[in-house]
Structure formats: structure tokens, C-alpha cells
Amino acid sequence: GEKVEQHESTLSVREGDSAVINCTYTDTASSYFPWYKQEAGKSLHFVIDIRSNVDRKQSQRLIVLLDKKAKRFSLHITATQPEDSAIYFCAASINSNNRIFFGDGTQLVVKP
Amino acid sequence: AQTIHQWPVAEIKAVGSPLSLGCTIKGKSSPNLYWYWQATGGTLQQLFYSITVGQVESVVQLNLSASRPKDDQFILSTEKLLLSHSGFYLCAGGQYNNQAPLFGEGTRLSVL
């Protein structure tokens with residue numbers, strides 16, 4: 001089955017710098033890639049997604065890149081702020097089944 | 001707008017006691033529903049998913065069971081809790097395979 005790997009378990013950046021979280025997947029049939037944010041003690045909150053028919057998507061300070069050949073996708077957070085500190089999960093979904101597969105999460109710490 | 005409600009918010013239970021956690025989704029018909037478990041600060045483990053009433057697929061056996069008695073309701077239960085059942089239980093729902101599931105606020109379970 002699909003396996004999603006999230007390469008950074010922790011990431012620390014200075015406020016105002018950019019943060020990049022990288023994920024890879026194994027199943028070429030994966031076609032939908034959402035990202036979630038989990039603040040301390042809370043549930044997961046959807047932040048941005050990308051579908052396999054595009055290779056870049058931006059929503060304000062969030063940019064998602066998708067490289068289908070390398071089976072890699074990444075979340076870029078520009079001009080980081082302390083409130084960006086959280087655990088970020090990447091995920092991959094295959095159209096033909098009803099499963100969505102999550103990475104293990106990246107703890108992002110934005111230092112003032 | 002789609003909403004998802006989990007109950008209870010938190011539980012403290014004794015080892016060997018029964019458990020029932022609930023999830024109700026509103027605003028979508030025939031949603032896919034998912035149960036996840038997260039150890040403290042840990043990764044997400046998908047437990048069950050359901051694409052229709054009465055049908056539940058098990059992903060991981062943790063001495064838990066799930067049922068979908070109504071289109072908008074998903075129940076997680078066990079007759080005998082183990083210490084290892086402690087953690088954060090999350091219900092998620094979505095209508096299509098390529099749409100990010102919406103997560104409920106979660107139930108925090110402590111088994112003593």
C-alpha cells in the first residue's frame with residue numbers, strides 16, 4: 001500500500017525566515033495531497049492541498065510544490081511567524097480507494 | 001458548511017471497563033468517515049474507515065471495533081480497555097476521495 005514519509009521530524013527556524021517540510025510517497029496512483037496543522041493539544045486543521053494535475057499551489061504564505069516524477073511534495077511557509085509553530089502533517093490519497101495516508105508529522109518551531 | 005462533532009471531549013476510564021466514542025458529521029451526505037488514534041505527541045494511526053452505512057473496514061486491530069449505524073454517525077468502542085488505549089482519538093469525514101477530510105475536535109482518553 002501507499003507509504004508517506006515525512007523527512008523532517010523537527011524543524012526550527014527564526015521568525016521571518018522560510019520553513020520547508022518535505023514528504024515523499026510510494027504509490028504513483030496517489031493524486032491528492034493535503035496538508036494539516038496541529039497546534040498543541042488540538043485536533044488537525046486543514047491548511048492547503050494540491051492535486052496531481054498541477055505542480056504548484058499558493059495560498060497566502062503557504063506554497064505547495066509537487067514533483068510527480070520524484071514522488072515528492074513539499075510545504076513552504078514564507079515569512080514565518082510564532083503562530084506557525086505546530087506539528088504539520090502531509091498526506092496522500094488515491095482516487096480509486098477510500099484511504100488517505102499520513103506522514104509522521106513535523107514539529108515546526110518558530111523562534112522570535 | 002460541513003461540521004463534525006465528537007463526544008465526549010475527554011474520558012478517564014479504568015482498565016477493563018467498556019468504552020464508546022461517538023462522531024457525528026453534518027453538511028455532507030454519504031461521507032467517508034475515519035477513526036484515528038494518536039499517542040501523546042505521536043503519529044496518526046488510522047484505525048477504521050467507512051464509506052457507507054453498515055460497512056466498516058478495519059485498518060489496524062487494537063482490540064477496538066467500529067460501527068456506522070447511520071449515514072452521519074460513526075462509533076468507536078471496546079468492551080475491555082487496555083492501558084495502551086490511552087491517547088487522542090480523532091474522527092474525520094469527507095465526501096470524496098480527493099477532498100481533505102475534516103477532523104473533529106477529538107476525544108482525549110486516559111486509561112488508568
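Since this is a predicted model, take the numbers as computed values, not measurements. Proteins get letters first, then strands, A, B, ... in listed order; numbering begins at 1 in each.
Remark: A/F102 CZ to B/T43 OG1 distance equals 11.5 Å, nearest 0.5 Å. In this structure, CZ on A/R99 lies 9.5 Å from CD on B/E57, to the nearest 0.5 angstrom. Taking CG from B/L102 and OH from A/Y36, the interatomic distance works out to 7.5 Å, rounded to the nearest 0.5 Å. In this structure, B/E105 CD and A/H45 NE2 are separated by 10.0 Å, a value rounded to the nearest 0.5 Å.
Under a hydrophobic-cluster definition in which Ile, Leu, Val, Met, Phe, Trp and Tyr are linked whenever side-chain heavy atoms come within less than 4.5 Å, directly or via other members, B/L76 and B/L83 are assigned to the same cluster. Using a 4.5 Å cut-off between side-chain heavy atoms of Ile, Leu, Val, Met, Phe, Trp and Tyr, with links allowed through other members, B/L109 and B/W35 fall into the same hydrophobic cluster. In terms of hydrophobic clustering, with Ile, Leu, Val, Met, Phe, Trp and Tyr side chains grouped at heavy-atom distances under 4.5 Å, B/V111 and B/Y36 are assigned to a common cluster.
Only the side chain of B/Q38 comes within contact range of chain A, with heavy atoms under 4.5 Å apart. With a 4.5 Å cut-off on non-hydrogen atoms, A/Q107 does not touch chain B at all.
A 6.0 Å sphere centred on CD of A/Q60 holds no more than 12 heavy atoms belonging to other residues, nucleotides or ligands. The environment of A/E15 atom CD is dense: over 12 non-hydrogen atoms of other residues, nucleotides or ligands sit within 6.0 angstrom. Counting heavy atoms of neighbouring residues, nucleotides and ligands inside a 6.0 Å radius, atom CD1 of B/I12 does not exceed 12 of them. Within a 6.0 Å sphere centred on NZ of B/K70, heavy atoms belonging to other residues, nucleotides or ligands number 12 at most.
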Exercise for the section: Please step through side chain to side chain contact (heavy atoms under 4.5 Å, CB included) for the pair B/L44 and A/L44, ending with a clear verdict. Expected result: CA-CA 10 Å; B/L44 284 172; A/L44 273 71; 3.5 Å; yes
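Smallest separation of non-hydrogen atoms from B/A100 and A/Y32: N-OH, 2.8 Å. Here the shortest heavy-atom pairing between B/F103 and A/S43 reads CB-OG, 3.5 Å.
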